[in-house]
S.K.: 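Following this message is one structure expressed as structure tokens.
What's counted below: heavy atoms across the whole structure, side chains too, no hydrogens, waters or symmetry copies. The shown structure was predicted, so the numbers you read here are calculated from the model rather than taken from an experiment.
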Amino acid sequence: MKIKGSMTCTMCLLLLVLLSLLGACIRSSRVSAGRVQAVNAMDTAMYSLFAQYDRDLLKDYHLFFLDGGYGENSINLSQLLTQTEAFTQPVLSSGLSSCHLEACGIKGFRLASDNNGAAVQTQIIRYMKDNLGSKGIELIKKRLAQNKAVMEEQEKIQEGGLKEVPIDQEAPMEEISETNNPLEIIENIRSHGFLGLVLPEGDSLSEKSLDRQSLLSKREATLGMGELALSAEKPSATDKLLIQEYILDTLSYYTHEKHSGSLAYQAEYVLGGKDSDQENLRYVVNRLLLLREASNIAFLYTDGQKRAELQACASALSLLLLIPEGMTLVQGVLAAGWAYIESICDVKTLLSGGTVPLVKDSTSWKTHLNHLSTEDASSGSSGLDYREYLFLLLSFSSADTLTLRCMDMIEQNIRSIQGRENFAFDACLDALSINFWISGPEEQQWQGERFYTYEM
């Protein structure tokens with residue numbers, strides 16, 4: 001028996017509507033899937049691009065930057081776009097929707113060197129805060145405040161001067177003679193220069209130097225494009241302390257070799273900004289001598305025993321030189337010279353790896369007026385070492401100067417690595433904004449902008 005069936009016109013029309021609705025849903029789904037795929041492709045491209053951060057910068061200096069020079073010393077925008085397209089295409093070509101990258105273009109980018117290294121400074125501060133913690137930061141702040149207060153007090157004492165006492169109140173110092181005249185010894189030591197006197201025995205000075213025009217802080221650096229502002233956090237006094245600590249943690253200095261490069265005394269370069277190791281060390285040693293002289297003179301002015309020795313020496317010199325009426329004033333000259341000799345010994349101790357207290361006492365004083373010499377560089381059990389004195393000196397420079405000169409040294413150190421000779425901070429990207437034009441299914445056209453920064 002045959003069964004016959006039939007379809008009414010109403011059912012046909014309803015089926016037609018359902019098929020049209022189904023087709024519209026499929027079309028809408030393809031467009032939606034294509035849009036999601038385009039968004040995923042743009043995000044993946046930016047993440048993949050910035051995942052190529054400079055490994056040497058991160059490993060040795062804890063900085064995240066993308067080397068946009070790709071082996072050259074200037075940023076290569078075409079290579080950046082080529083890399084972006086290469087990361088975008090695999091995502092667009094996968095899946096059921098048919099998407100294609102029509103074009104992409106750079107809207108803006110920020111370089112490490114922009115605004116005196118603002119991006120580098122931000123990363124340094126962020127790293128040091130994470131590394132030290134709040135307790136470590138407070139300890140550094142407290143220690144620096146105490147040391148600066150001591151230095152200011154010593155300077156006030158020095159400015160007050162020495163109150164000379166008539167020389168007839170003290171018996172002449174017996175050891176003083178024509179062959180042992182402190183005034184002549186002081187003059188002879190001053191005439192020979194200070195750098196050779198402060199070097200520890202057996203140590204030789206580095207002869208490294210660099211081309212000044214190759215430095216980031218001296219050359220005309222490439223600038224970023226567009227307005228890609230950093231976070232609006234206001235700089236604080238603590239930030240500069242963190243930069244100082246970072247410099248001494250990551251760069252080499254006379255008593256601590258950490259990285260090889262164009263210069264051996266890299267923290268000294270941050271302070272001096274000179275072309276050679278010897279010039280930078282001379283600058284730092286001179287600053288240390290001035291700092292130590294102020295403290296040593298203050299001690300001589302306030303210690304009764306040392307003042308008595310100054311009077312006894314002046315009394316002996318008055319008999320030796322037969323000018324008694326002028327020897328009261330010589331006490332001040334002797335004090336300055338004695339403090340200078342003591343400062344030479346102090347700096348020699350620091351360069352030998354020893355410690356020197358900011359404020360001397362009778363146990364930490366090394367030299368003797370009746371037998372002046374720069375040979376005694378023994379170290380006590382307390383005080384600040386060379387690194388801590390460098391930290392003090394760094395506190396007198398601005399944050400921008402410290403950051404730029406630190407970048408000079410990092411750049412030079414990276415260039416000393418084989419294959420990295422053309423590394424340049426003004427080719428390193430910290431932030432990038434790219435526009436994408438993508439075609440999707442059903443003749444859809446989408447435009448999107450993606451921004452990425454290591455500050456996130």
S.K.: Check side chain to side chain donor-acceptor pair (under 3.5 Å) between D43 and all other residues, then give those that pass, not counting sequence neighbours.
M.R.: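 Residues passing side chain to side chain donor-acceptor pair (under 3.5 Å) with D43: R450.
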
S.K.: Would you please say whether a donor-acceptor pair under 3.5 Å links the side chains of D203 and Y254?
M.R.: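 Checked: D203/Y254 side chains pair up, N/O donor to acceptor below 3.5 Å.
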
S.K.: If you measure only the distance, is there a donor-acceptor pair under 3.5 Å linking the side chains of S206 and D277?
M.R.: yes

S.K.: Check the side chains of S252 and E257 for a donor-acceptor pair under 3.5 angstrom, ignoring hydrogens and angles.
M.R.: no

S.K.: Cation over ring, K148 on F396, under 6.0 Å and within 45°?
M.R.: yes

S.K.: Restricting to side chain to side chain donor-acceptor pair (under 3.5 Å), what partner residues turn up for T84, sequence neighbours left out?
M.R.: none

S.K.: Taking the six-membered ring of F391 as reference, does the cationic atom of R387 (NZ for Lys, CZ for Arg) lie under 6.0 Å from its centre and within 45° of its axis?
M.R.: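 Judged by the rule, R387 and F391 form no cation-pi pair.
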
S.K.: Using the ring-ring contact (aromatic ring centres under 6.0 Å, His included) criterion, which residues pair with H256? Sequence neighbours excluded.
M.R.: Y253

S.K.: Within the supplied structure, the quantity of interest is the number of heavy atoms (other residues, nucleotides, ligands) at a distance under 6.0 Å from Q445 CD; does it exceed 12?
M.R.: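 Atom CD in Q445 is crowded, with more than 12 foreign heavy atoms closer than 6.0 Å.
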
S.K.: With sequence neighbours excluded, tell me which residues meet side chain to side chain donor-acceptor pair (under 3.5 Å) with S209.
M.R.: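 Once residues adjacent in sequence are excluded, S209 has no partner under the side chain to side chain donor-acceptor pair (under 3.5 Å) criterion.
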
S.K.: Return the set of residues passing ring-ring contact (aromatic ring centres under 6.0 Å, His included) with F425 (not counting sequence neighbours), or none when no residue passes.
M.R.: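 Here the qualifying residues are F423.
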
S.K.: In this structure, is the centre-to-centre distance between the rings of Y452 and Y47 below 6.0 Å?
M.R.: yes

S.K.: Please check if any side-chain donor atom of S398 sits under 3.5 Å from a side-chain acceptor atom of D400, or the reverse.
M.R.: no

S.K.: Just jot down the side chain to side chain donor-acceptor pair (under 3.5 Å) partners of S78, sequence neighbours excluded, or say none.
M.R.: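 Listed in chain order: N76.
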
